[in-house]
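Just so it is clear, the structure is predicted and the values come from calculations on it, not from any experiment. Atoms considered below: every heavy atom in the structure, side chains included; atoms not considered: hydrogens, waters and symmetry mates. Quick note on labels: first sequence line is chain A, next is B, and so on, each numbered from 1.
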Protein chains: 2
Amino acid sequence: MDWEWIENGSVTSPEGFLASGVACSIKTTGNKDLALIVSETPCVAAATFTTNKVKAAPVLVSKENLKPRKAMVRAIVVNSGNANCCTGAKGIEDARKMCEETGRALEIPAHQVLVASTGIIGRTLPMDRIISGIRQATQLLSRNGGQDAAEAILTTDSFPKSRALRFAVGGSEVRIGGIAKGAGMIAPQMATMLAFLTTDARVEKTALQQALRYAVDRSFNSIAVDGDTSTNDTVFLLANWQGGGPTISLDSPHFPVFQSVLTTLCQELSQLIVRDGEGASKFVEIRVKGAESDKDARAVALTVANSVLVKTALFGNDPNWGRIAAAVGRAPAKVRLESLTIQVGDFLCLDKGEPVPFDEGRVHHWLKENRDIFLVIDLGIGSGKWSVWTCDLTVDYVRFNAEYTT
Amino acid sequence: MDWEWIENGSVTSPEGFLASGVACSIKTTGNKDLALIVSETPCVAAATFTTNKVKAAPVLVSKENLKPRKAMVRAIVVNSGNANCCTGAKGIEDARKMCEETGRALEIPAHQVLVASTGIIGRTLPMDRIISGIRQATQLLSRNGGQDAAEAILTTDSFPKSRALRFAVGGSEVRIGGIAKGAGMIAPQMATMLAFLTTDARVEKTALQQALRYAVDRSFNSIAVDGDTSTNDTVFLLANWQGGGPTISLDSPHFPVFQSVLTTLCQELSQLIVRDGEGASKFVEIRVKGAESDKDARAVALTVANSVLVKTALFGNDPNWGRIAAAVGRAPAKVRLESLTIQVGDFLCLDKGEPVPFDEGRVHHWLKENRDIFLVIDLGIGSGKWSVWTCDLTVDYVRFNAEYTT
């Protein structure tokens, strides 16, 4: 497939998208904390939200705005520094007000605005500051504003995450761009995984939603930092059709191409999130194969990725594969010890349930010398497979998450 | 109910039980690493085992020995320092050999011996040393050997865990004793939760098994240190009937008494395990009520107890109740934000989904000044309730689990 990264790509790389990011004192640090992403024309939209039963107000309000079958979207407004979660009836009112104020500033209907928040739970939003932030952000909207927006959605992330790529659909060049922040609930201020994606490809609504679900499953839903699921997790994808080319519907020959390129973009953004995991010293790919189904493979990969014992062993460069075997065994999946094979990198440790003598010093050395490592787990049952990305659990992670005081 | 602790109580407190613990160089430290618990007469036995699908060889062999409907048990042999897990066919052979050698030394059938192991995964047992250890332990069996046995089953625990209590059944005094070690998989060498219980009460087999299941659910299965489930977790309960008194069957009026006293003993032992959690600086009780069912309450309590973010916040004495709300929301249970109430100790934070202004400094101070703390979570839905005990996640835990190298 032909696609390539766009240099300094972002949500504003696709045609017809504007963005901005401003500081309006929601954060006490003075950093940017309000982002606006706007399309010049109405967009078809797709979304995925947190599965947490405690949902933040902006999640509920955005769901509401996306509910009508013919809902079109013009803008996304995001604040960082405050999650607007567990804020009761006032929280819902405030999230709606963010849409209204954005609609007023842009002269579009409020229901064409989606809203997201990230930050601390349980505090009401400083609405005066947010309203003036929205007005300021509207003034600053530009075709180069993607990087500012990427900065404005961060909480404890150490760098902004922004990418875009271009590819051909039936002879026309189209683009997908995106910005993202924070790995799940890794942060002391209850950071959230947020991603905002834009495209100028001509994708129909059902195709857009299905492609997003596919891509998110293989990217943002296949990373693990600490196993906690935020109340605010949100991914939005807007398509404004300005890039031209043929319409991409579910049965279009171009659909698999769009879906695959979107997945590549989402995987890149989600891996940046893992690399920026709090205190992380290692980037770990966990490859599971031989499972009864892809679902089983994923359950095993996520259980290993969330094992505190596996993560601390990796931090210590300890080839303690017994911890991996134990995590595999407690995963909600079909597992048989007698067909289980485990590799740490290229080093075989367990072969169909039988331990393999291996040079521990050499594996320790390999772990120590490499920041990017991988584990291979073969369940020896079927042909299901899945990969998950995670980081290690370090002393710095605990320190960082403990030293913060509300 | 009338019961009391027995001073320096252990598995040898009930009539007719002998025990010993010896050092036979399975551990490199020279510490005791082989324990024997023996009844003078055959016992009715009950057991619960790990739910991990990767099961250690001693788990499989003990299950085999307990399988016949009329199986009677005379002895338990336990080694620490090596889990005999992921050791293939040789591992099964070795676990069986431990039963045979114990049977030979005690002059009883091998199938009347149960076996357990704890320690590192993936290495074959040093059988020569274990066999000489079994012979030595047989020589040292005594009515005061409970404490030695409690020591010999430890891995990274910092103190032996041993308790016994006495109570009356139909005018006769009977006893239950027990020893335990290691909280789940908290240890660098893959420590396991093991508990061995003895009683001289006259309890029928089905009643014994049901009482044990009830007690274990409310004790060893209601503690969380790091969320990992060992491949070796085992609880055995032997009843030799030497205390006299009426027979306790499922429909006996004495059954609820026995079950309740057994639960008290198991809760005490399991709480000792949590207090001895690696690097733990806090002992935390999580009380959930108002759930649709006890099962839901337990799911919520365990999810909160295993949340890395909640545990690091507690380490930092941070009253960050938003992390608790988020963990509640991702538990596999019926949860409604609008009926959710959260207290940190006696301090109300969230009242039926509405945040309550509270003095953060005061709560921080309370957390800082108390080693034993509690959280109360009211789901506001039904009358289901459950309590779980856990500890915080500290810098020392990570250091300890990372610095170990196989």
Side-chain angles (χ1 to χ4, degrees), chain A residues 51-55 83 85-89 120-124 185 188 190 226-231 306-309 312-313 315-323 325-331 335-337 340 349-350 353-355 360 364 393-395 397-399 401-406, chain B residues 51-55 83 85-89 120-124 185 188 190 226-231 306-309 312-313 315-323 325-331 335-337 340 349-350 353-355 360 364 393-395 397-399 401-406:
Chain A
T51 55
N52 200 306
K53 286 171 289 277
V54 171
K55 291 184 209 304
C85 178
C86 294
T87 41
I120 196 156
I121 287 184
R123 298 213 184 134
T124 36
M185 277 182 49
M190 298 279 295
D226 56 17
D228 274 290
T229 306
S230 154
T231 50
N306 281 316
S307 162
V308 168
L309 279 172
T312 49
F315 171 49
N317 301 306
D318 174 10
N320 194 332
W321 59 269
R323 295 185 181 181
V328 170
R330 71 180 164 86
V335 172
R336 282 194 306 243
L337 177 53
L340 178 63
C349 308
L350 183 72
E354 296 282 342
E360 280 164 11
H364 173 67
L393 176 60
T394 69
V395 166
Y397 172 92
V398 176
R399 214 173 260 148
N401 277 288
E403 278 174 8
Y404 166 77
T405 299
T406 5
Chain B
T51 55
N52 200 307
K53 287 169 289 276
V54 171
K55 291 184 209 303
C85 177
C86 294
T87 41
I120 196 156
I121 288 185
R123 299 215 184 133
T124 37
M185 278 182 49
M190 299 279 295
D226 56 17
D228 275 290
T229 306
S230 154
T231 50
N306 282 317
S307 161
V308 168
L309 278 172
T312 49
F315 171 51
N317 301 305
D318 174 11
N320 194 333
W321 59 269
R323 296 185 181 181
V328 169
R330 71 179 163 85
V335 172
R336 283 195 306 245
L337 176 54
L340 178 63
C349 308
L350 181 74
E354 296 282 342
E360 281 164 12
H364 174 66
L393 176 60
T394 68
V395 166
Y397 172 91
V398 176
R399 215 172 258 147
N401 276 288
E403 278 176 7
Y404 165 78
T405 298
T406 5

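- Both the backbone and the side chain of A89(B) come within less than 4.5 Å of a heavy atom of chain A.
- Considering every non-hydrogen atom in both V54(A) and A325(B), the closest pair reads CG2-O, 3.5 Å.
- Contacts of C349(A) classified as side-chain contact (heavy atoms from CB on, under 4.5 Å), with partners at least two apart in sequence or in another chain: W321(A), V344(A), F358(A).
- For the set T87(B), L350(B), V328(B), the count of heavy-atom pairs under 4.5 angstrom toward chain A peaks at T87(B).
- Residues meeting the side-chain contact (heavy atoms from CB on, under 4.5 Å) test with K53(B), sequence neighbours left out: V335(A).
- Nearest heavy-atom pair, L337(B) versus C86(A), reported as atom, atom and distance to 0.1 Å: CD1-SG, 3.9 Å.
- Comparing A331(A), G329(A), P355(A) by how many heavy-atom pairs each has under 4.5 Å with chain B, the most go to G329(A).
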